[in-house]
Amino acid sequence: MKAVLKNKKYLLVVLIASILLGACKKSFLEVTPRGRLIATKTNDYNLMLNSTDLINYAIAPVYTALGDEVISLDPVFGTRPAKDQRLFRYEDNIYDLAVEPSEITTLARVLYVYNKIINEVMDSEGGTVAEKTGILAEALTGRAWIYLHFTNLFTKPYNPTTASSDLGFPIITLADVTISNYKRGSLKEVYDFMINDLTSAMPNLSPNISSRFRASRPLAQALLAKVYLAMGRFSDALPVLDGAINNITANTGVPMRLYDLNVELLLGGALFNTSMSVIGPSLPTLPNNTESLYSRQESNSYNGSTNNFSVLSPAAATLYAATDLRRRYYNNTSLTYPAGCLRRLSPTIQSAGMNLPEIYLMRAECRARANSLYGSGSAAQDLLFLRQRRMTLANATIPTLLTQNQMINYVIEERLRETAFTGLRWFDMRRLSVDPLFSSRTYTHTLHYANGSTVNYPLRPERLTLRIPPRILADNPGMEDNK
């Protein structure tokens with residue numbers, strides 16, 4: 001962005017990419033541009049993809065609050081904002097009428113930019129067809145990324161038997177702030193929309209990763225696989241993940257590799273800091289994070305050495321062996337939580353895009369679903385590749401003679417070990433709720449009191465889907481709410 005700011009020629013583009021969401025008096029996509037803005041050159045649209053507005057989100061605290069690995073303690077819990085308390089209790093109504101829901105407005109602001117590019121770049125001046133189609137492909141990939149979040153919050157988990165009648169999220173394809181009265185359509189339509197965006201984009205994206213902030217072919221492949229996972233289409237996801245990992249392995253652009261905690265937590269390592277026991281390991285900046293394929297970031301108040309309102313439950317904490325170096329991201333709480341709880345220390349600013357560990361874990365699950373359990377090209381091979389970088393080689397071994405269902409469950413547990421307190425658990429809870437292997441599982445939040453008593457808040461199937469914020473409903477008459 002420094003090069004952009006140095007040149008007045010690009011000031012127009014910076015302003016376009018800095019659109020702010022308005023007061024939502026007519027529509028939740030209503031925006032107030034800073035000045036009179038017109039983009040005409042192909043490079044204007046290219047530079048819009050560099051905007052920091054596309055990088056920062058406000059969703060991770062919501063996802064984390066909903067994850068079943070979290071427990072809380074009163075009276076600290078009672079000091080949290082009302083929305084946080086309602087999320088933890090899995091209440092029906094989370095949002096107050098007067099409150100602008102950042103979970104939607106942040107995403108809508110970014111969606112506006114992507115739609116503007118999609119609608120206009122092919123008619124822009126000065127660029128080649130290849131340049132224009134490449135920019136278009138990046139915006140299509142970004143739009144699918146936004147809709148992954150919309151569906152993860154405000155639609156039902158994907159069930160192929162009901163998806164044609166289940167409510168989706170409004171499909172918005174125009175960068176037009178005058179439109180109101182958005183209709184929701186079906187869930188199947190939204191998932192088909194994401195798949196179409198990603199498959200259309202893929203041929204025009206570079207297989208090489210030149211920037212962590214920009215879309216590439218392996219990113220689109222990984223996102224498509226994640227959509228397929230949400231749909232339970234594991235056999236479709238597997239070859240796409242193979243393609244993504246092959247492209248990442250062959251990449252000659254920015255460095256891409258898993259961090260080896262055996263090395264990087266030591267003095268001089270990328271994650272080392274002298275106060276690790278207090279504040280947890282460091283997180284490299286977004287441009288330097290070699291695990292990041294798509295650099296997006298979130299401020300997550302559930303992580304931090306001063307967080308006393310939410311900790312890792314004893315049940316989740318037991319998933320970590322004593323030799324698992326991922327425990328360095330936690331310490332024992334000093335409050336009156338039950339024994340075995342762990343406080344998540346870092347990162348408070350977390351990488352929230354698409355990262356390598358999730359990609360390998362997705363493939364491990366798909367391989368297990370295909371009954372490829374051990375040996376070359378197996379779930380165990382992917383698990384070992386990750387675990388050898390999270391603990392010593394001697395402790396990274398995978399249990400032998402696991403059945404297919406046991407291996408699938410082991411992968412799900414490894415996903416929790418890797419992603420606890422990042423918000424990704426919510427994605428798994430939703431999709432597993434309609435998976436025949438896991439649909440009998442129940443999820444509960446437990447609130448602890450200083451006197452040792454507890455209150456449980458079970459997650460009802462209805463609350464795997466958040467209700468639409470009342471402010472959005474009020475601004476869009478006729479939009480149907482979730483039950």
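Quick caveat, the model's predicted, so the values are computed rather than measured. Basis for what follows: all heavy atoms, side chains included, without hydrogens, waters or symmetry-related copies.
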So do the side chains of S51 and V113 get within less than 4.5 Å of each other, counting heavy atoms only?
no
Please report the C-alpha distance between I195 and L224 in whole Å, then the side-chain angles of each, then the deciding distance to 0.1 Å, and finally whether the side chain to side chain contact (heavy atoms under 4.5 Å, CB included) criterion is met.
CA-CA 6 Å; I195 292 170; L224 179 58; 4.1 Å; yes
Between atom CD1 of I71 and atom OG of S310, what is the distance when rounded to the nearest 0.5 Å?
8.0 Å
Result for side chain to side chain contact (heavy atoms under 4.5 Å, CB included) between H149 and one of V110, I104, L111, L107 points to L107
Between A60 and Q350, the two heavy atoms sitting closest are CB-NE2, 3.6 Å
Cation-pi check, R86 to F88: give yes when NZ or CZ is under 6.0 Å from the six-membered ring centre and within 45° of the ring axis, no otherwise.
no
Are the side chains of Y329 and R344 in contact, using a 4.5 Å heavy-atom criterion?
yes
Using side-chain hydrogen bond (donor to acceptor under 3.5 Å, both in side chains), reason through Y330 and Y320 one step at a time and then give a plain yes or no.
CA-CA 11 Å; Y330 300 86; Y320 294 95; 3.2 Å; yes
So, the side chain of H445 versus the backbone of R89: is there a donor-acceptor pair under 3.5 Å, distance only?
no
Determine, step by step, whether D92 and R460 satisfy the salt bridge (Lys or Arg N to Asp or Glu O under 4.0 Å) criterion, reporting the C-alpha distance in whole Å, the side-chain angles of both residues, the deciding distance to 0.1 Å, and the verdict.
CA-CA 10 Å; D92 290 329; R460 293 171 289 119; 2.6 Å; yes
Minimum-distance pair of heavy atoms, taken over all atoms of T318 and A315:
OG1-O, 2.6 Å
Salt bridge between R257 and E264, side-chain N to carboxylate O under 4.0 Å?
yes
Residue pairs meeting side chain to side chain donor-acceptor pair (under 3.5 Å), one or both in residues 271-281, sequence neighbours left out, come to N273-S282
Assess whether ring pair (Phe, Tyr, Trp, His ring centres under 6.0 Å) is satisfied between F234 and Y228, documenting all intermediate values.
CA-CA 7 Å; F234 305 105; Y228 285 149; over 10 Å; no
Could K83 and E103 be called an ion pair, given the rule that one side-chain N must be under 4.0 Å from one carboxylate O?
yes
Are more than 12 heavy atoms from other residues, nucleotides or ligands located less than 6.0 Å from atom NZ of K483?
no
For the atom pair OH (Y114) and CD (E138), what is the distance rounded to the nearest 0.5 Å?
8.5 Å
List the atom of A222, the atom of A244, and the distance in Å for their closest heavy-atom pair.
N-CB, 4.2 Å
Which atom pair, heavy atoms only, marks the closest approach of T348 to G304?
CG2-CA, 3.8 Å
Can you confirm whether the side chains of D435 and S439 place a donor and an acceptor under 3.5 Å from each other?
no
Can you tell me if Y182 uses its side chain to pair, donor with acceptor, with the backbone of I172 under 3.5 Å?
no
Does NZ or CZ of R417 come closer than 6.0 Å to the centre of the six-membered ring of Y410, within 45° of the ring's axis?
yes
Identify the residue among N308, N307, N303, N332 that makes a side-chain hydrogen bond (donor to acceptor under 3.5 Å, both in side chains) with R343.
N308
Just verifying a value: how many Å separate L386 CG and I359 CD1, rounded to the nearest 0.5 Å?
12.0 Å
Six-ring centre of F385, R389 cation under 6.0 angstrom, axis tolerance 45°
yes
Salt bridge (Lys or Arg N to Asp or Glu O under 4.0 Å) between R425 and D68, worked out:
CA-CA 8 Å; R425 177 63 174 174; D68 69 325; 2.7 Å; yes
Those residues that, when tested against E291, pass salt bridge (charged side-chain N to carboxylate O under 4.0 Å, His left out) (two or more places apart):
R390
Do the side-chain N and O atoms of N289 and R212 include a donor-acceptor pair separated by under 3.5 angstrom?
no
Would you say the side-chain atoms of E298 pair up with the backbone N or O of I59, donor to acceptor, closer than 3.5 Å?
yes
Indicate whether any N or O donor in one side chain lies under 3.5 Å from an N or O acceptor in the other, for T446 and N456.
yes
Test salt bridge (Lys or Arg N to Asp or Glu O under 4.0 Å) on D74 and R80 and set out the steps.
CA-CA 10 Å; D74 222 33; R80 296 296 295 167; over 6 Å; no
Hey, could you give me the CZ/CG distance between R109 and D53, rounded to the nearest 0.5 Å?
4.5 Å
P287 vs T285 side-chain heavy atoms within contact, under 4.5 Å
yes
Rounded distance (nearest 0.5 Å) linking atom CD of E91 with atom CG of L466
12.0 Å
N300 side chain reached by F421 side chain, heavy atoms, under 4.5 Å
no
Stepwise ring pair (Phe, Tyr, Trp, His ring centres under 6.0 Å) check, F309 with Y302
CA-CA 8 Å; F309 62 86; Y302 284 77; 5.0 Å; yes
Looking only at side chains, do S295 and S292 share a donor and an acceptor under 3.5 Å apart?
yes
What orientation do Y57 and W145 show, parallel under 30°, tilted 30 to 60°, or perpendicular over 60°?
perpendicular
Over all heavy atoms of both residues, which pair between T52 and N56 is shortest? Give the atoms and the distance, please.
O-ND2, 3.1 Å
Taking the cut-offs as 6.0 angstrom to the six-membered ring centre and 45 degrees off its axis, would you call K226 and F427 a cation-pi pair?
yes
Salt bridge flag under 4.0 Å for residues E414 and R326
yes
Measure from the side-chain N and O atoms of S453 to the backbone N and O of Y449, and report whether any donor-acceptor pair falls under 3.5 Å.
no
N-O pairing of R184 and D166 below 4.0 Å:
no
Do the non-hydrogen side-chain atoms of P170 and M479 ever get within less than 4.5 Å of each other?
yes
So R369 and L437, do their side chains get closer than 4.5 Å, heavy atoms only?
yes
I'd like to know if the side chain of N251 reaches the main chain of I209, judged simply by a donor and an acceptor atom lying under 3.5 Å from each other, with no hydrogens or angles considered.
yes
Distance in Å, Q221 CD paired with L241 CG, rounded so as to fall on 0.5 Å steps:
9.0 Å
Assess the residue pair L140 and I118 against the criterion (side chain to side chain contact (heavy atoms under 4.5 Å, CB included)); give the C-alpha distance rounded to whole Å, side-chain angles, the decisive distance to 0.1 Å, and a yes or no.
CA-CA 7 Å; L140 289 168; I118 291 165; 3.8 Å; yes
Smallest separation among heavy atoms of C366 and L229, with atom names:
SG-CD1, 3.5 Å
